[in-house]
Every structure is written in structure tokens, then in C-alpha cells.
2 protein chains.
Amino acid sequence: MNPKAKRLPLESESSDGIGLSLGQQVRAHVLEKIDSGEWREGDRIPSESQLADQFDASRMTIHIALRDLAVEGVLVRRQGAGTFVAARRRQSTFLELRNIHSEIEERGNRHTTDVISLERVHCDMGLATEMNVAPGSELYHSVLLHRENGRPLQIEDRFVNPRFSPDFLEQDYTQITPHQHLMATGPLEEVEHIIQAVPADERSRELLVMAPGDPVLLLRRRTWSRGMVATSARLYHPGSRFSMAGRMVVAR
Amino acid sequence: MNPKAKRLPLESESSDGIGLSLGQQVRAHVLEKIDSGEWREGDRIPSESQLADQFDASRMTIHIALRDLAVEGVLVRRQGAGTFVAARRRQSTFLELRNIHSEIEERGNRHTTDVISLERVHCDMGLATEMNVAPGSELYHSVLLHRENGRPLQIEDRFVNPRFSPDFLEQDYTQITPHQHLMATGPLEEVEHIIQAVPADERSRELLVMAPGDPVLLLRRRTWSRGMVATSARLYHPGSRFSMAGRMVVAR
DNA sequence: TGTATTTAGTTGTATATACGTTTAAGACAT
DNA sequence: ATGTCTTAAACGTATATACAACTAAATACA
């Protein structure tokens, strides 16, 4: 690299990095490439030297920026091989977006889905609050029954914001899960979970083939994407056949 | 600092850092000081220059080591002020060690505890497996009723390994919670949580003053410390008055 | 006494350089 | 086709230096 004038600290002229230090610009650049999807999981990103040329920075500056991202788990670096986009961080079991499909398959069992209903609805006040839309707005509503080896395990009662997923009703939910479709539709930004034990209502008792007196373990989940409530789901499970477990090693 | 001979990479002579790079030695040193309790939360640690002298390293080497620890959340660094030991990382709501006392107080309510029983027991096969001790071993057993503003909210049914906390039975659980006592007894290493919805048994219905048909939200928790199962607890909550909620922003 | 101002100390950022370590791919011989 | 060797490329670690930015305490001043 040619000798270059000392740059004025904290005074950067780059088009997309106003006010950011060089290292921060590099960081932002990498995160933007990943967020935009241009660089995907496992992709190799440009080498330190290439980025150093591109940003007119020294290799050490690039090195430290990438190193930080590696410590944070965004990148994986392999000496001699290169720098790669890390696999998305797994969340802890409870807060993980529990995907009934993967869950069942991980146990080596067969997952099937019955579509109970799939329709447009207009929301009432309560639902409008829940989905953060205007009362009376159109929403998509699906009710599915998930089975493990034929045995009912979960009723998925879901409302979807059409603005988030306009083609939600056109999918074949015997083939993919709404979860899969929605995850492919937009980036997950925030999740809210509420766990409750409730008495079984009639629909649950019938669809889930529950014994009298057996309560329901209800998981309510709202997810945010692109700044809106993308979907709100109620997941009903038979208390006698379903529990949620998580184990964690305490940090430090 | 005096000019010093180039050190042979990866060949360190320090007493407690055999085979570790300089940066790793610094890292290990800092973590050891924190783990041993010599440096506590909020303490200011030696400056980069002091550590550089101490390790006969350049300030940049120290800087990068401390910077990494800051990214990981072990340290907090304030330009101009110094480097401090960070507060212990909070865990996410679900997996957080839910402490009924803080939970109630955070809502601005009054927490009281009834001691239902507190005794020595000898464990059967199932309990021995659960606590990972020999069948017939002595265990401590406590049953407490936690109230929020006088209203029953949780039955805490707990077994404790005497080897972990020999003085468990001598505490006054109307004043402190077992949770507080146990946390002060040893470092938390691992936690297992299982959440279930179960029909209310007679004891729960009575103690928790539950309506007929109201199910119990049961949280089972085992914690490991110093390599053993320190305690196993069953926390019973009235389904109609209790839910667990958690909200998280998705990483990245 | 109370308020600015200065100053020493500390971290933040960046560069240029040097050499070690690891990986993957190509060359080559078998 | 297979295995070995070489080599270029990529990351890892460390140093010395320079200056910017910030903080807290000391100092000067009104």
C-alpha cells in the first residue's frame, strides 16, 4: 500500500460511514452485507488484505474489526482458510423459536399436518390490539393440527399480518409449516412468549384427543418483523403428553 | 519501557501461562482474578500501561486482550476512566433463575412465605436418580408457600443435597428465600428447566386456593453447582393467576 | 467558597512492520 | 488415480509509535 496521509481521527469522508471510525465502517459494511443477504451463512468474505485495500486501511485495523465480529459470533475465522459468515446463533431452548416440525423430526418421528381452517378475517378490538393494527383490518387466520406419528400434539391457531406476508393463504401447509414460510418472508426481530396452563376447551379436547381433566399447556407467541407484529400464534398442547424443557450452562 | 528482545512466539516462560500466547495469559490472569473474587463487580482493574509493564508486553497487546473481554461482557471499559469488572450477565427471562421474591417485589407487591415443612428425608430410587446420589442417601426437603400481597402464588417443593449446603435446614425461610441462601452457598453452573401443565392435586388446590378445574403450571428446576446436583425444585403455580412471559430481541 | 481551567492519566483508534501458523491447492512423482 | 511435497495465501500474534478523546482530580481564579 502506498504511504498515505494520516487520516484525521473520527472525521471520515466515506459515503456510507459518516462520523464512524474506520473500524466501525468496516464493521457496518460487513453487517450490512450479511443483513442484506448478499453474504450468506458459510460464505467466505474478502480477506483482510482485500478489505484493507478497499477501505484504504491497514490490515491491523481490518483484523481487529473482524476479530471483534468473530468474538461476537457473527463471523468464524479460520487461520489459513479465511473468514466466513457464522451460522445463525442458536437461541436458548425456551426462547428458541420452537419449530414443531424440526422438534418432531429431531426425535426421529414423523410429522404430519391437518389444515383445519385457512381464511381471511376482520379483526375485533382485542385482536387489533394484539396485532397492533386498526380495528376491522383484514387479517389472515389459520388453524392447523400437528401430529407426531399420527398422534395430535399441537393446535396452531395463528393470525398473520397480510402486510407482512400477502401470500400467506396461498401456501400448502401440509408440505411446509407456517413457521417455515414466515421465516423465509422476513427477518425475525423480536419474539414475545407467554406460557400458561389452562383448562382444555372443547376444541382442544376433541382435536388433541385429551383425557377429561387434562389441562392444556398454552404457548402464546408474537413475533415482530420489519417493524410490525408479523404474526401472533397460540399453540395448544396436551399437558399429559407435552412439556417444554431447557438446559443451560450458566455464563462465565 | 526498555527495548526488549523479540519474544519467541508461542513460547512463553511465565509461571502460570505455559504454552499460552501473551494475550491469552493476560486474559487468563484477568479471568482468574475475577473468578477468585479478588476483583469484584465494579472494581477497577489495573490500567493497560500497568498490565503492559507487569507482563512485559506492549500496550496494544494488553489493549486487545481487554477489548475482547469487554466485547464478551466480562469487563466494561470507559475511555478516560479505566477498566472495570462488569456486572454479571443477566440471563433471558425464561431461563433466568426466576426468583419469586424479586419478581413480586419488582411488581411493587409484598412477598411473604409460609414454611409448610422443613426436614431430613432418605431418598427413594426415583429421587436418587433425580439428585444423582446413592439410593437411601440423606437429603433435605422443604415445602414453602409464597404469597403475593397475602395471596398464594407458588408452592416451592425442594430437595437439597446436604453435601452442597449442610446448613440448609438452619435458615429462616420467612426472612430469606432458599434461592437466596443457595445462591450464596455456591456458584451456579448449570440449570435445567421443565415446564408442564398438570391437573391440580389436593395439596395444590388447598394451599394455592384454586378453583375446581384450574390446572397447575409446574416449573421443575434442577441446578448444578460444584459438579453435583445442588437442588431440585418443583414450583407449582395456579394456572389462572400465573403465567411466564419473556420477550427477546433476536440476536444480530 | 464556588466555579472555571488545567492537567495527568486512561482508553480509543490507526499505522507500519515482522514473523509465526495453518490451510488449501497445485505440482510432481509414483 | 493416488499420495507427497511445495507454496502462496490467509489469519494470529506482537511491537513501537502517534495522536485523539475522555475523565477525574488538582489547581487557579473570582
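To find a chain, count down the sequence lines: A is the first, B the second, and so on, and within it residues start at 1.
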CZ/A:R151: more than 12 non-hydrogen atoms of other groups inside 6.0 Å: no

d(CG, B:L20; P, C:dG20) in whole Å: 20 Å

By nearest nucleotide on DNA chain C, pick out whichever of B:A81 and A:Q24 is the more 5' one. B:A81

When you measure from the side chain of A:S58, which nucleotide among C:dT15, D:dT13, D:dT23 comes out closest? C:dT15

B:R67 side chain: which of D:dA21, C:dT13, C:dT23 is closest? C:dT13

Would you mind telling me which residue lines up with the more 5' stretch of DNA chain D, A:G82 or A:H63, judged by nearest nucleotide? A:G82

B:L75 CG to C:dT11 C1': how many Å, rounded? 13 Å

When you get a sec, tell me which of D:dA16, D:dT13, C:dT13 is the closest nucleotide to the side chain of A:M60? D:dT13

Within this structure, what is the CD-to-P distance between B:Q79 and D:dC22, rounded to whole angstrom? 6 Å

One should read off an interatomic distance between A:L75 CG and A:L69 CG, to the nearest 0.5 angstrom, of 5.0 Å

May I ask you to evaluate whether B:S47 reaches the phosphate of C:dG9, defined as a side-chain N or O under 4.0 Å from OP1 or OP2? no

Rounding to a whole Å, what distance do you find between B:R27:CZ and D:dT13:P? 11 Å

Should A:R107 and A:E148 count as an ion pair when the cut-off is N to O under 4.0 Å? yes

CG of A:L66 versus P of D:dC11: gap in Å, rounded? 8 Å

Are the charged groups of A:E48 and A:R67 less than 4.0 angstrom apart, N to O? no

Nearest-angstrom distance from the residue atom CD of A:E48 to P of C:dA16: 15 Å

Quick one: do B:E156 and B:R234 make a salt bridge, cutoff under 4.0 Å? no

State whether B:S49 places a side-chain N or O below 4.0 Å from either non-bridging phosphate oxygen (OP1 or OP2) of C:dG9. no

note: B:F84, atom CZ; D:dC22, atom C1'; distance rounded to Å ~ 12 Å

Rounded to whole Å, how long is the line connecting atom CZ of B:R44 with atom C1' of D:dC22? 13 Å

Determine: side-chain N/O of A:R77 to OP1/OP2 of D:dG12, distance under 4.0 Å, yes or no. yes

Can a donor-acceptor pair under 3.5 Å be found between the side-chain atoms of B:R78 and the base atoms of C:dG12? no

